[in-house]
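Just so you know, these numbers use all the heavy atoms, side chains as well, and skip hydrogens, waters and symmetry mates. Quick caveat: nothing in here was measured; it's all calculated off a predicted structure.
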Amino acid sequence: MIERLRITVLSDNYVASRDALAEHGLSMLIEADGCRILFDTGQGRALRNNVEALGLRLAPLDAIVLSHGHYDHTGGLAGVLEEHSPASIFLHPAATALKYAKGAGPRHRCIGMPAPSCEALDAYQGRVVWTRSATEVAPAIWCTGEILRRPGEALSDVFFLDRDCREPDPLSDDQALFAQTARGLVVIAGCTHAGVLNTLDYIAKLTGREEIHALIGGMHLGQASIGQLDEAGNAIEMRNIQVLGPCHCTGMNAHAYLRARFHSRVRDVGAGITLVFE
C-alpha cells in the first residue's frame with residue numbers, strides 16, 4: 001500500500017500555473033513512495049517547458065506508461081527518451097497500430113503514435129512491457145491492460161484503423177493506472193476510451209474492491225449525450241468516488257455536469273497542478 005501518492009499534471013488542454021503551456025494532450029508525473037512514473041507524454045510541445053517552468057525534474061524515471069496510442073498521449077515519447085532512460089515502458093501492443101479519425105472530407109486525419117516516437121520505442125524493445133492484461137508497474141501500482149467491455153457495446157464511429165475509415169478501431173489499447181493508497185484506490189486515466197463505467201467496473205473486478213477513492217484524468221465525454229453523462233455519473237456515484245479530477249478530453253459540458261452533480265468532490269485540473277493522497 002502506498003503511503004504517499006503525488007500526481008503532477010505536466011501537460012493538459014488547460015493550465016493551472018501561469019508559466020505553463022497548454023496543448024491538446026495529457027501527461028502526468030506520478031511519485032509514489034520514491035517510485036517515479038511518467039504517465040503519457042502529451043504531444044511533446046509543452047512537456048519540457050512545463051517541467052522546467054514548474055521547477056521539476058523527470059530523472060530518474062522508473063517507468064513510462066502509455067494509456068493508448070494516440071498522438072496527444074505519445075507525441076512526447078521520443079523527446080523524453082532522448083534525455084531519460086526509464087527501466088521499463090508499458091503499453092498495449094495495439095498502441096503502435098495506425099490510427100485515424102474520420103473527418104467530413106475524403107482526407108481523414110492520422111492520429112496514431114508519431115513516427116519519431118515509434119522509432120524511439122523500437123530502440124527500447126528490451127525494456128518494453130506489453131500490457132495485454134493487468135500488469136504491475138511498481139509496488140501497489142498497476143495498469144489495467146485491455147479493459148473488458150459490455151457485450152454488444154457499439155464501437156466508435158470516429159476512430160478507425162485504416163486510412164479510408166472503414167475498419168473501426170476497437171481501441172483495445174486503452175488502459176488506466178490504479179494505485180492502492182492508504183486513502184483507497186486512485187485511478188489515473190488517459191482518455192477512458194473504454195468508457196467510465198467499464199473502466200471502473202474492471203478495476204473493481206481486478207482488485208475485489210467496490211469503492212474507489214479518486215478518478216483523475218480524461219473521461220472522453222466532450223460529445224456525450226445527457227444519457228451518457230448520467231451513465232458516467234451513476235458509475236462514479238456507485239463507486240463512492242470522493243475526488244474527481246476531470247481533464248483533457250472530458251469536455252466543458254461534462255465538467256459542468258460533474259461539478260453540478262458532485263460539487264466539491266470535483267477538482268479543477270490543468271498543467272501545473274499537483275494532487276496529493278497520503
Side-chain angles (χ1 to χ4, degrees), residues 5-17 20-30 39-43 46 50 65-68 70 72-73 143-144 147 156 158 171 174-179 181 183-204 211-277:
L5 178 69
R6 179 184 173 95
I7 303 170
T8 302
V9 180
L10 301 178
S11 176
D12 185 43
N13 298 35
Y14 304 94
V15 295
S17 173
L21 298 178
E23 68 175 6
H24 178 77
L26 186 65
S27 179
M28 302 185 194
L29 178 64
I30 300 165
F39 180 72
D40 286 344
T41 63
Q43 289 191 45
N50 291 352
V65 178
L66 300 178
S67 65
H68 61 297
H70 285 166
D72 50 328
H73 296 258
C143 58
T144 60
I147 294 169
S156 170
V158 174
L171 291 164
D174 180 73
Q175 62 180 357
L177 276 183
F178 58 93
T181 77
R183 289 287 187 93
L185 287 173
V186 174
V187 176
I188 304 160
C191 268
T192 328
H193 283 298
V196 174
L197 174 61
N198 290 334
T199 300
L200 297 180
D201 281 356
Y202 189 54
I203 290 172
E211 293 194 355
I212 292 172
H213 179 66
L215 171 60
I216 312 298
M219 301 182 195
H220 202 68
L221 296 169
Q223 304 299 320
S225 65
I226 187 63
Q228 291 168 325
L229 290 174
D230 283 339
E231 179 183 81
N234 292 342
I236 290 166
E237 191 169 295
M238 181 174 68
R239 299 297 172 194
N240 196 30
I241 294 177
Q242 296 301 304
V243 179
L244 281 169
C247 60
H248 181 43
C249 60
T250 303
M252 295 181 66
N253 288 341
H255 192 285
Y257 171 93
L258 294 171
R259 175 74 73 180
R261 181 164 177 175
F262 296 105
H263 309 291
S264 60
R265 295 193 220 176
V266 178
R267 308 291 175 83
D268 290 325
V269 174
I273 199 170
T274 297
L275 300 170
V276 179
F277 302 90

Point to revise | With sequence neighbours excluded, residues passing salt bridge (Lys or Arg N to Asp or Glu O under 4.0 Å) with R183 | key: none
Practice item. Using a 4.5 Å cut-off on heavy atoms from C-beta on, say whether the side chain of V243 contacts that of I216. Key: yes
Practice item. Kindly indicate whether the side chain of L26, heavy atoms from C-beta on, has any atom under 4.5 Å from the side chain of S11. Key: no
Practice item. Answer whether the closest heavy-atom distance between the side chains of H68 and C191 falls below 4.5 Å. Key: yes
Quiz: residues 247-254 side-chain donor-acceptor pairs under 3.5 angstrom, not counting sequence neighbours:
| unit_1 | atom_1 | unit_2 | atom_2 | d |
| --- | --- | --- | --- | --- |
| H248 | ND1 | N13 | OD1 | 2.8 |
| H248 | ND1 | G25 | O | 3.4 |
| H248 | NE2 | D72 | OD2 | 3.0 |
| H248 | NE2 | H73 | NE2 | 3.1 |
| T250 | OG1 | M219 | N | 3.2 |
| T250 | OG1 | C247 | N | 3.2 |
| T250 | OG1 | C247 | O | 2.7 |

Check your understanding: Can you find a heavy atom in the side chain of V15 that is under 4.5 Å from one in the side chain of L21?
Key -> no
Study note, to complete from the structure: Sequence neighbours excluded, the answer for side chain to side chain donor-acceptor pair (under 3.5 Å) partners of N198 is R150, E153
Check your understanding: Under the side chain to side chain donor-acceptor pair (under 3.5 Å) test, which residues partner T181, sequence neighbours left out?
Key -> none
Review point. Which residues satisfy the salt bridge (Lys or Arg N to Asp or Glu O under 4.0 Å) test with E211, sequence neighbours excluded?
Key: none
Review point. Quick one: salt bridge (charged side-chain N to carboxylate O under 4.0 Å, His left out) pairs with a partner in residues 20-30, sequence neighbours left out?
Key: none
Review point. Just by distance, with hydrogens left out, do T8 and T274 show a side-chain donor and acceptor under 3.5 Å apart?
Key: yes
Review point. Hey, are the side chains of V187 and I241 touching, using non-hydrogen atoms and a 4.5 Å cut-off?
Key: no
Study note, to complete from the structure: G270 and V9 have their tightest heavy-atom pair at O-CB, 3.4 Å
Practice item. Taking ring-ring contact (aromatic ring centres under 6.0 Å, His included) as the test, write out the residues that go with F277, two or more places apart. Key: H213
Point to revise | Pair listing, salt bridge (charged side-chain N to carboxylate O under 4.0 Å, His left out) test, anchored in residues 253-270, at least two apart | key: E237-R261, R259-D268
Revision key, fill the gap. So the salt bridge (charged side-chain N to carboxylate O under 4.0 Å, His left out) pairs with at least one residue in residues 186-201 (sequence neighbours excluded) are D201-R239
Check your understanding: Under the ring-ring contact (aromatic ring centres under 6.0 Å, His included) test, which residues partner H255, sequence neighbours left out?
Key -> none
Revision key, fill the gap. Side chain to side chain donor-acceptor pair (under 3.5 Å) filter on S156, not counting sequence neighbours, yields none
